[in-house]
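Please read the structure below before turning to the comments.
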Amino acid sequence: MKNIRLRYAPSPTGFLHIGNTRTALMNYLFAKHYDGSFIVRIEDTDLERNVEGAIESQFENMNWLGIIPDESFLKPKSEFGKYKQSEKFERYEKIANDLIKEKLAYKCFCTTEELEANRELQISKGIPAPKYNKKCLNLSDSEIKNLEKQNLKPNIRFLVPENRDYKTIDLVRNEVVFNSKEIGDFVILKSNKIATYNFAVVIDDIDMKITHVVRGEEHISNTPRQLMIYEALKETPPTFCHLTLIVDETHKKLSKRSGNEMFFISQYKSQGYLPEALFNYIGLLGWSPSGEEEIFSKEEFIKIFDEKRFSKSPSTFDVNKLKWINSQYMKKMPDLDYTIFIKDFVDQSKFDFKKYSEHDFNQILLLFKKEIGFGVEINEHLQLFFNPNSIIDEKSKLTLKEFSTINVLKKHVTSELEKIEDWTEDNIKMVIKNTGLALNLKGKDLFMPIRILTTCFEHGPELAKTILLLGREQVIKNINL
Ligand code: GLU
């Protein structure tokens, strides 16, 4: 495929979340795989619903993830028109008026009350999906003039062709056919002269020479209206691709409203997820590669992308899988990068890491490199190194009681650790080994009581290293409390 152009068209009514990121990312991969262009267009016609800062935040988060547009209002190309719908009102109005001249659209002066009354009437007759009753379709020119003289502002409605099939070959659903019977004459330009979504989106996709429209399946019901507008404007529609839903474990559409608390990209960022890992995980939502492999860099994704591999059924957002993918990326980080990254997530109000030298604190952080799923999880592990009063929890105390050798162990380990001249990991290992030999203890019977005695915790990272980093003073204090 040559010169393909795809777009992500957010409305600035909200921030970048898992759902719209998936749309942006699939458009991006599709475009980049074929060396095409990825465009971001802002659909901000609904001025009242626009949220302050939403656009900036969407760009910032996309940038963080590595979903970089080739064109946007920040990088416009003048031959494709404006990249914000709010800057195109005049263009939409002109085209709506052209359609009136061609008798493909008409002015409608019905009031909200009239429309509502008509709706209710149809519902009372058992019509499940009421349609506009075309009352204004045949207004004469003089009637229209009269109404306009009274300063009444009309909506412009599209004249839906009667009983026609509209067909598209969707990349996910194959052939989809809609009959126009179900669709009433819909408004394309509101009385305040603001274009509606279905109208503006088609004009923009034409102006921007969009070849493929990849978007969520909630837009499938808009597609026939858009196909009709393409026809009226004598333009070829793009290829559509309606991605299946992303659902949560309860099979509900993933959304803030369904109670999914972790929904926005910025939340994952502040919890210490890596952009590469999010990119990787979201790239597998509703799309799958041919093999078993699941870890892909952006470049690999671009290479293996195949528009025939979109999934036909909903995909479940599985935060544990995301966590696993994130941990894979953290494990692969060079040690220095990892410590710099992870330090930002340490809760300094609980753990004042100045207590350790920079070197030692980095070593402490590295002890958990293979264990944590995301940044802030580090705080679940650090208590062990910030326990100056040697507090031991009840469960560990009970476990300790299971070992009859405690008193001898305490004495032996204390004196052996005190004897060490050079406080090194090897020497500490030697103490543990010799203690086992001297007291005839092995495996769990040796390590578990020594671990609880020296660290106050039943679980933890490599024992000798932990003892080394805790420091002799703290370890002896732990043992003897
Ligand atoms: N502004 C629409 C949305 O945010 C885009 C729809 C489309 O891609 O056509 O859902």
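Atoms within each ligand, like the ligands themselves, are counted from 1 in listed order.
The 12-atom threshold is exceeded at NZ of K331, counting heavy atoms of other residues, nucleotides or ligands nearer than 6.0 Å. The local environment of CD in E79 is crowded, with over 12 non-hydrogen atoms from other residues, nucleotides or ligands closer than 6.0 Å.
Within the model, atoms CD of E114 and OH of Y132 stand 8.0 Å from one another, a figure rounded to the nearest 0.5 Å. Atom CH2 of residue W64 and atom CZ of residue F279 lie 12.5 Å apart, to the nearest 0.5 angstrom.
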Do any nitrogen or oxygen atoms of ligand 1 lie under 3.5 Å from a protein nitrogen or oxygen, and which ones?
unit_1   : atom_1 : unit_2 : atom_2 : d
ligand 1 : 1 (N)  : A9     : O      : 2.8
ligand 1 : 1 (N)  : S11    : OG     : 3.1
ligand 1 : 1 (N)  : E43    : OE1    : 2.6
ligand 1 : 8 (O)  : R7     : NH1    : 2.5
ligand 1 : 9 (O)  : R7     : NH2    : 3.1
ligand 1 : 9 (O)  : Y197   : OH     : 2.7
ligand 1 : 9 (O)  : R215   : NH1    : 2.8
ligand 1 : 10 (O) : H219   : NE2    : 2.8

For residues 182-190, which side-chain donor-acceptor pairs fall under 3.5 Å, sequence neighbours excluded?
unit_1 : atom_1 : unit_2 : atom_2 : d
D185   : OD1    : K134   : NZ     : 3.1
D185   : OD1    : V160   : N      : 2.9
D185   : OD2    : Y106   : OH     : 2.6
D185   : OD2    : K134   : NZ     : 2.9

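Counted by atom type alone, S140 and E143 present one or more donor-acceptor pairs between their side chains at under 3.5 Å.
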